[in-house]
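Structure record follows, encoded as structure tokens.
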Amino acid sequence: TVGAVAVDKQGNIAAATSTGGMTAKRYGRIGDSPIIGAGTWADNDSCAVSATGHGEYFIRFNVASDICARVKYQGKDIQKASDEVIFGEMKQAGGTGGVIVVDAKGNVAMSFNTQGMYRAFRKQGQQAQVAIFK
Amino acid sequence: SSIAIAIHGGAGTISPQSMTSAQKLRYEAKLKQATDMGYNILAKGGSSIEAISAAVNVLEDSPLFNAGIGAVYTYDGAHELDASIMDGKTLNAGAVTGVKHIQNPINLARLVMTHSVHVMLSGEGAEEFALQQGMPLVANSTFDTERRYQSLLKAKQKLHDIKAKSKSGADYQANYVNWDNSYKMG
């Protein structure tokens, strides 16, 4: 799975996710990537999220939307909200994976409970920062 | 407002031990290319939607990641792709699921968002919509890679092994469920 989130000069944020699914999937299985709220969510009032990982869990815990709801209604910053969801109920239930997040102020957060996540970000006036492992 | 972009290329069982230095450099270079592609659009005043679409296109076009070219195989040996996109200003959204002949599924998801009254289209219907919008279809084999094919063979061999060691139908079912639960990493 791949994804991107961004904020532009007008302060508008957006999220996108694209995937090939899981190896040897059957029965027309669909994971969280195309599910708005589970794998992808964007709302200027809170944040934009793209997720990757164990799709069935991201759907059941409505991960992308849940992170933004914590930002919007509980006033949490995007890193705290992401960590709560990724390391909280979802991990306890057995779900693995991660998210990338931006808000309208240009803050970036990344949270994952796996060994690694292919990831990168670039903020205004800075060079890109790339990482794979923890 | 301060511009920013973040991207990911998947998470999971990757470990430093399972990757050579050369492989790591290839991944890092592609991730940087995708990030810079999106950032440059933002820096020139482009929209966040344009930036994330371009960044995802770079990753979809790379055989390194499980999306577009490089997508994993289904049990039947094909590729089924999903994508979604959402605009935080309007809360408009678009998604496609189970498409087999779309080179860049994120572009079709974006068309669903901007050129249809729907949010999600699936399978053949989504591809019919793509044709109506002037988006060409490509052969499913476009997404083939040897590495992903070997992963499919490995997964099928595992299934065969479970069947071979199971003493009864119920035993097989229990073993399969155990394996399936541990295996269903998206």
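- Only the side chain of B/Tyr27 comes within contact range of chain A, judged by heavy atoms closer than 4.5 Å.
- Judged by distance alone, the side chain of B/Asn66 and the main-chain N or O of A/Gly21 form a donor-acceptor pair under 3.5 Å.
- Each of B/Ile85, B/Thr90, B/Ile106 has some count of heavy-atom pairs under 4.5 Å with chain A, and the biggest count is that of B/Ile85.
- Heavy-atom distances place the backbone of B/Ala43, and not its side chain, under 4.5 Å from chain A.
- Considering only heavy-atom pairs separated by less than 4.5 Å from chain A, the leading option among B/Ser122, B/Gly45, B/Gly88, B/Ser2 is B/Gly88.
- For chain A, no part of B/Asn57 is nearby; none of its heavy atoms comes within less than 4.5 Å.
- Remark: side-chain polar atoms of B/Ser84 are paired, donor with acceptor, to backbone N or O of A/Ser33 under 3.5 angstrom.
- For chain B, the nearby parts of A/Lys25 are the backbone and the side chain; heavy atoms of each come within less than 4.5 Å.
- At distances below 3.5 Å, not a single donor-acceptor pair connects side-chain atoms of A/Asp8 with backbone N or O atoms of B/Ser47.
- We find the CD-CD1 distance between A/Gln10 and B/Ile3 to be 10.5 Å, quoted to the nearest 0.5 Å.
- Using a 4.5 Å cut-off between heavy atoms, B/Thr35 touches chain A through its side chain atoms alone.
- Of the two parts of B/Val96, only the backbone, made up of N, CA, C and O, holds a non-hydrogen atom closer than 4.5 Å to a non-hydrogen atom of chain A.
- Here the CG-OG1 distance, from B/Asp82 to A/Thr17, works out to 10.5 Å after rounding to the nearest 0.5 Å.
- When each of A/Ala120, A/Ala131, A/Ala128 is checked for heavy-atom pairs under 4.5 Å with chain B, A/Ala120 comes out on top.
- Here B/Ser62 pairs with B/Lys30, B/Leu64, B/Phe65 under the side-chain contact (heavy atoms from CB on, under 4.5 Å) rule; sequence neighbours left out.
- In terms of modelled atom types and a separation under 3.5 Å, the side chain of A/Ser18 and the main chain of B/Ala67 share no donor-acceptor contact.
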